[in-house]
Amino acid sequence: MHSHSLDLKAITAEIAAEIAQATDRGRVADYIPALGAISPAHFGMAIVLADGTCHLAGDADVAFSIQSISKVFSLTMALGAVGDAIWKRVGREPSGSAFNSIIQLETERGIPRNPFINAGAIVVCDMLLGRYEPREAIGDMVRFVRSLADDGQSGDGDIVIDEHVARGEAETGFRNMALANYMRAFGNIHHPVEHTLGLYFHQCAIAMSCRQLALAGRYLMAGGRNPATGRSVVSAQRARRINALMLMCGHYDGSGEFAFRVGLPGKSGVGGGILAIAPGVASIAVWSPGLNERGNSQLGTLALERLVRKTGWSIFDPVP
Ligand code: DON
């Protein structure tokens, strides 16, 4: 269905009303107090269409911790900085295991299955460090995300790193430290692990609203270009490939279930956000903090499932 023939105002309002009623909201991540304190009652949704039109529902302007959704932006930056050489150090296959699992790293000699599991994202951070100090690389990443989210009016300057979350990540990140050290033993981490992890922990702590996130994802629905400015962020081929990775690996061992229910490239984070892309049509962000047993937003997934049913936007729907 063409986006202009849909009543997206009514559709998003209907979805928000249904989600508000839901009693089983999943479990909020509580490995750090800054996330554990967030109410599971929140729900936000933002849809940005290819023509720039924006539809918002619920808490679409409330900032939340984007966590692993940042892995899409760091991968995009690394493709720009290092190019296809990144595929020598990280794979492109779904892992079928939890986001923070270490088991495959031993048999696969320190090469993570994909850039969206923690091990893969840590390698990507190691590449982004290059000759930078961690602080410069962190600043670069925040500026990059701000530039992606910039719509020239609603203000992107308030995209910041939540230092409370970043500190919590560092204080509890024992598995990530293990992953980084283990990969360093195989020669796949080139910087001191505390530098690489400094960047990783800070990227997990970027705070954004659904509106900002949907705006930041525009290049992925539009062949790698920001549709508002026409400026290229990545090549069309790379945008297509990032979408392919999001579809296959964006929800870890829940990626099959997400493709089955929603059928869009998507990336989740333990803050309860999901960025989903309907190529050529829309960039969509949802946020509901309660997670399902795989660590993906329970009601965020339900909201996207409802959205594709009402719009026909799944990539597996026949082209209208
Ligand atoms: O690195 C970690 O384990 C946490 N910051 C969680 C990252 C994340 O969002 C994984 N996903 N669903």
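Indexing begins at 1, ligand by ligand and atom by atom, following the structure's order.
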Legend entry - Taking atom 2 (C) of ligand 1 as the reference point, the nearest protein heavy atom with its distance: Asn118 ND2, 3.4 Å
Legend entry - Subset of ligand 1 atoms that lie under 4.0 Å from at least one heavy atom of Asn176: 1 (O), 2 (C), 3 (O)
Legend entry - Which of the ligand 1 atoms, numbered from 1, are nearer than 4.0 Å to a heavy atom of Gly269: 9 (O), 12 (N)
Inset, instruction - Show which atoms of ligand 1 fall inside a sub-4.0 Å distance from at least one heavy-atom site of Ser68. - result: 7 (C), 8 (C), 9 (O), 10 (C), 11 (N)
Legend entry - Contacts of Tyr252 that satisfy ring pair (Phe, Tyr, Trp, His ring centres under 6.0 Å) - sequence neighbours left out: Phe99
Legend entry - ligand 1-proximal atoms of Ile69, by part, heavy-atom distance under 4.0 Å: neither
Legend entry - Mode of Glu169 contact toward ligand 1 - side chain, backbone, both, neither (heavy atoms, under 4.0 Å): side chain
Inset, instruction - Answer yes or no: is there an ion pair linking Glu14 with Lys310, defined by an N-O contact shorter than 4.0 Å? - result: yes
Legend entry - pair Arg92-Leu245: side-chain heavy atoms closer than 4.5 Å: yes
Legend entry - Salt bridge Arg218-Asp150, side-chain N to carboxylate O under 4.0 Å: no
Legend entry - side chain to side chain contact (heavy atoms under 4.5 Å, CB included) partner of Ile284, chosen from Leu304, Ile274, Val262, Leu213: Leu304
Legend entry - Among Phe201, Tyr31, Tyr200, closest by any non-hydrogen atom to atom 1 (O) of ligand 1: Tyr200
Legend entry - Per-atom contacts, ligand 1 versus Cys204 - under 4.0 Å to a heavy atom: 5 (N)
Legend entry - Separation of Cys125 SG from His191 NE2 (nearest 0.5 Å): 11.0 Å
Inset, instruction - Identify, by atom number and element, the atoms of ligand 1 in contact range of Gly295, meaning under 4.0 Å from any of its heavy atoms. - result: 12 (N)
Inset, instruction - List every atom of ligand 1 that sits less than 4.0 Å from any heavy atom of Tyr252, numbering the atoms from 1 in the order shown and giving each element. - result: 10 (C), 11 (N), 12 (N)
Inset, instruction - Record the part of Asn296 in heavy-atom contact with ligand 1 below 4.0 Å; permitted values are side chain, backbone, both and neither. - result: neither
Inset, instruction - Mark yes when over 12 heavy atoms from residues, nucleotides or ligands other than Phe260 sit less than 6.0 Å from its CZ; otherwise mark no. - result: no
Inset, instruction - Measure the acute angle between the ring planes of Tyr219 and Phe73, then classify it against the limits of 30° and 60° as parallel, tilted or perpendicular. - result: tilted
Legend entry - Numbered atoms of ligand 1 (with element) below 4.0 Å of Val270, judged on heavy atoms: 6 (C), 8 (C), 9 (O), 10 (C), 11 (N), 12 (N)
